[in-house]
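In this chain, numbering begins with 1 at the start of the sequence shown.
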Amino acid sequence: MKITDAVLAIDSVWVMLSAILVIFMQAGFALLEAGSTRMKNAGHIAGKQLLSFSIAALAFWAFGYGLTFGEGKWIGTSGWFLNISQEPGAISTDILYLFQLAFVAVSLAIAWGGFAERAKLSVYIVFGTLYTILIYPVVGHWVWGADGWLHQLGKQDFAGSTVVHLQGGVAALVATLMLKPRIGKFNKDGSPNLIPGHNQVYSVLGVLIIWLGWFGFNPGSTLSAQDGFFGYVALTTNLAAAAGAVAAMATIRLLTGKAEIPTILNGVLAALVAITAACAFVEPWAAVVIGAAAGSLSVFSAIYFEKKGIDDPIYAFSVHGVAGIWGTLSTGLFASTRLVEKVGVGKAGLFYGGGLTQLGVQALGVTVSMVYVAAVSFLILWVMDKLTGIRVSEEEELLGLDLSEHGSYGYPEQLQTVQSATVEKQEAS
């Protein structure tokens with residue numbers, strides 16, 4: 001075997017392993033979302049995760065990959081069904097498709113947070129398909145496509161704070177605004193009621209799995225194991241996540257006197273989201289600052305949106321949208337000269353003598369991405385709402401989506417026992 005063949009084989013195995021790690025994040029999202037919501041919807045939420053991954057796999061294979069990575073300034077115009085040109089000695093398109101599919105599926109999983117506990121199953125199917133074809137690939141091409149206009153400007157987004165997380169967060173926000181709050185979430189005076197998740201252990205396990213999967217997400221985006229740079233990216237990723245957990249705990253403790261577990265989990269995820277753009281561009285100390293700021297910011301953001309009457313069940317926009325904005329902008333501040341030269345994208349940040357140029361590019365990328373995703377998400381959901389409706393009936397929501405959409409509860413023993421006891425009590429009275 002030639003040395004070049006051995007190198008290609010090693011890189012291919014590394015990217016394939018990274019793809020598996022990122023795909024495994026779907027299990028984490030299923031546990032996190034199901035654990036953070038009510039028992040009567042648990043089976044629906046977990047099963048929907050599997051269904052949406054299947055939809056994304058087909059749609060991204062047929063159209064999404066070509067739209068994202070095909071030739072073109074504004075959108076890819078070739079590569080349907082992975083029929084896309086490949087350079088000799090490069091990692092195969094088949095492996096790259098699986099790796100990039102994992103990213104799309106994560107972005108879609110983020111978006112679903114804004115739909116939780118009140119959207120029809122049909123909405124997940126239709127919106128998931130159109131998101132994978134009409135929304136995600138456009139911004140993905142702008143930033144990651146070789147001919148993409150934001151890529152040509154030097155926008156820095158190493159593994160997707162904008163492409164993956166901000167897109168999913170904005171779609172979630174649009175959905176939660178259009179679906180309106182869950183029954184019982186707000187009182188007539190606008191004050192919020194706590195709707196606790198049914199299994200905090202599931203949520204913790206989900207976040208731990210997602211944290212593990214992120215070692216495929218960020219380090220895997222090096223697309224190479226040759227020089228060991230993936231290890232450095234793993235280091236900055238891990239430092240940021242740890243800082244986010246501690247900062248979120250400290251923030252909520254100062255505000256409420258309690259170290260709330262869900263808030264700490266959101267701090268970890270927000271920090272991971274923020275460092276995703278910057279992981280290859282910043283020094284370790286900056287990764288800690290970025291992660292800590294994201295963790296603390298997620299607390300204030302979640303409180304703010306709830307006070308404004310926005311019912312985001314798992315705080316998808318605060319964790320992935322707000323942190324995605326911060327993470328994208330952070331490279332315009334902290335990108336170091338030596339790492340920018342190594343990665344070969346954009347310029348050094350403000351604190352390294354780069355001026356405001358890179359920060360401006362990052363801000364432009366955030367703005368246009370948010371506007372595009374919000375507009376198209378709204379249009380899709382508005383049309384669906386006019387045609388078939390996007391929210392289940394009040395009766396179905398109270399009953400639970402497990403039973404109303406799928407015919408059985410995810411926890412049949414517990415919930416059927418409660419239901420029977422309620423009926424007996426009503427008959428006795």
request  = Quick one: list whatever passes salt bridge (charged side-chain N to carboxylate O under 4.0 Å, His left out) with E117, sequence neighbours left out.
outcome  = R38, R182
remark   = Heavy atoms of G113 and A316 approach each other most closely as CA-CB, 4.3 Å
Main-chain N/O of G295 paired with S298 side-chain donor or acceptor, under 3.5 Å = yes
ask   = Under the side chain to side chain contact (heavy atoms under 4.5 Å, CB included) criterion, do L98 and I20 qualify, and how do the steps go?
value = CA-CA 8 Å; L98 289 170; I20 292 170; over 6 Å; no
query = Which atom names give the shortest non-hydrogen contact between G365 and V368, and what distance separates them?
reply = O-CG2, 3.5 Å
key: L269 to L32 - nearest heavy-atom pair and separation   = CD1-CD2, 3.6 Å
ask   = Can you tell if the side chain of F69 reaches within under 4.5 Å of the side chain of H141, non-hydrogen atoms only?
value = no
request  = Taking the six-membered ring for Trp and the single ring otherwise, decide whether the centroids of H165 and W214 are under 6.0 Å apart.
outcome  = yes
request  = Evaluate the criterion side chain to side chain contact (heavy atoms under 4.5 Å, CB included) for residue pair V104 and Y65; output intermediate values, then yes/no.
outcome  = CA-CA 10 Å; V104 181; Y65 188 88; over 6 Å; no
key: Flag side-chain contact, heavy atom, 4.5 Å: S224 against W14   = no
Partner of H320 under side-chain contact (heavy atoms from CB on, under 4.5 Å), chosen from V164, I110, L166 = I110
key: Heavy-atom donor-acceptor pair, Q26 side chain to A105 backbone, under 3.5 Å   = yes
task = Establish, yes or no, whether a centroid distance under 6.0 Å links the rings of Y315 and F305.
result = no
query = Just wondering, do Q362 and L333 contact through their side chains at under 4.5 Å, heavy atoms?
reply = no
ask   = Does the pair K120 and E396 meet the rule for a salt bridge (Lys or Arg N to Asp or Glu O under 4.0 Å), with working shown?
value = CA-CA 10 Å; K120 294 181 177 179; E396 290 171 326; over 6 Å; no
task = Return the set of residues passing salt bridge (charged side-chain N to carboxylate O under 4.0 Å, His left out) with K347 (not counting sequence neighbours), or none when no residue passes.
result = none
ask   = Taking the side chain from D402 and the backbone from H44, do they hold a donor-acceptor pair closer than 3.5 Å?
value = yes
query = For residues S191 and N187, is any side-chain donor paired with an opposing acceptor at under 3.5 Å?
reply = yes
request  = Answer whether the closest heavy-atom distance between the side chains of W144 and H151 falls below 4.5 Å.
outcome  = no
inquiry  = If you take the centroid of each ring, where Trp contributes its six-membered ring, are F127 and F115 closer together than 6.0 Å?
reply    = yes
key: Side-chain heavy atoms of F215 within contact of F230, under 4.5 Å   = no
request  = Determine whether Y232 and P284 make a side-chain contact, defined as any pair of heavy atoms from C-beta on separated by less than 4.5 Å.
outcome  = yes
query = Would a distance-only check, ignoring hydrogens and angles, find a side-chain to backbone donor-acceptor pair under 3.5 Å from R391 to G389?
reply = no
Within 6.0 Å of CZ in F24, more than 12 heavy atoms from elsewhere = no
query = For L108, does its backbone N or O pair with a side-chain atom of Y136 as donor and acceptor, under 3.5 Å?
reply = no
request  = Step through the shown structure and confirm whether more than 12 heavy atoms of other residues, nucleotides or ligands are within 6.0 Å of OH on Y202.
outcome  = no
ask   = Of the non-hydrogen atoms in A111 and A171, which two are nearest, and what is the gap between them?
value = CB-CB, 3.9 Å
ask   = Would a 4.5 Å heavy-atom cut-off, applied to side chains only, mark L21 and M25 as touching?
value = no
request  = In sequence, state the C-alpha distance, the side-chain angles, and the governing distance for S161 and T328, and then conclude on side-chain hydrogen bond (donor to acceptor under 3.5 Å, both in side chains).
outcome  = CA-CA 6 Å; S161 288; T328 302; 4.7 Å; no
task = Would you sort out whether T331 and Q358 count as a side-chain hydrogen bond (donor to acceptor under 3.5 Å, both in side chains), showing the intermediate values?
result = CA-CA 8 Å; T331 69; Q358 192 61 47; 5.0 Å; no
query = With sequence neighbours left out, what residues match W326 under side-chain hydrogen bond (donor to acceptor under 3.5 Å, both in side chains)?
reply = none
query = Salt bridge check: are K185 and E306 linked by an N-O gap of less than 4.0 Å?
reply = yes
query = Where do S369 and T162 land on the side-chain hydrogen bond (donor to acceptor under 3.5 Å, both in side chains) test, with the steps shown first?
reply = CA-CA 8 Å; S369 298; T162 297; 5.5 Å; no
inquiry  = Exactly one of W112, Y124, Y131 should register a side-chain hydrogen bond (donor to acceptor under 3.5 Å, both in side chains) with S52. Which one does?
reply    = W112
task = Report yes or no: does S377 contribute a side-chain atom to a donor-acceptor pair with the main-chain N or O of A374 at less than 3.5 Å?
result = no
Sub-4.5 Å side-chain heavy-atom contact between F158 and V345 = no
ask   = When the aromatic ring centroids of F281 and F334 are compared, is their separation below 6.0 Å?
value = no
message = With side chain to side chain contact (heavy atoms under 4.5 Å, CB included) as the criterion, how do I135 and Q167 come out once you've worked through the C-alpha distance, each side chain's angles and the decisive distance to 0.1 Å?
response = CA-CA 8 Å; I135 298 177; Q167 288 204 81; 3.6 Å; yes
query = What distance do L401 atom CG and K48 atom NZ have between them, rounded to the nearest 0.5 Å?
reply = 10.5 Å
task = Begin from the C-alpha positions of N218 and T237 and carry the test side-chain hydrogen bond (donor to acceptor under 3.5 Å, both in side chains) through to its verdict.
result = CA-CA 7 Å; N218 289 1; T237 299; 3.0 Å; yes
request  = Tell me, with the steps shown, if Y409 and N41 meet side chain to side chain contact (heavy atoms under 4.5 Å, CB included).
outcome  = CA-CA 8 Å; Y409 281 122; N41 300 312; over 6 Å; no
note = For E283, the salt bridge (charged side-chain N to carboxylate O under 4.0 Å, His left out) test, sequence neighbours excluded, returns R338
ask   = Under the 3.5 angstrom rule, does the side chain of T68 hit a backbone N or O of G64 as a donor-acceptor pair?
value = yes
message = I'd like to know if the side chain of S330 and the backbone of G327 have a donor-acceptor N/O pair within less than 3.5 Å.
response = yes
message = If only side-chain N and O atoms count, and only distance matters, is there a donor-acceptor pair under 3.5 Å linking Q86 with T93?
response = yes
task = Find the distance between CG (L364) and CG (L150) and round it off to the nearest 0.5 Å.
result = 6.0 Å
remark   = Sequence neighbours excluded, the answer for ring-ring contact (aromatic ring centres under 6.0 Å, His included) partners of F300 is none
task = For K155, check salt bridge (charged side-chain N to carboxylate O under 4.0 Å, His left out) against everything at least two apart and list the hits.
result = none
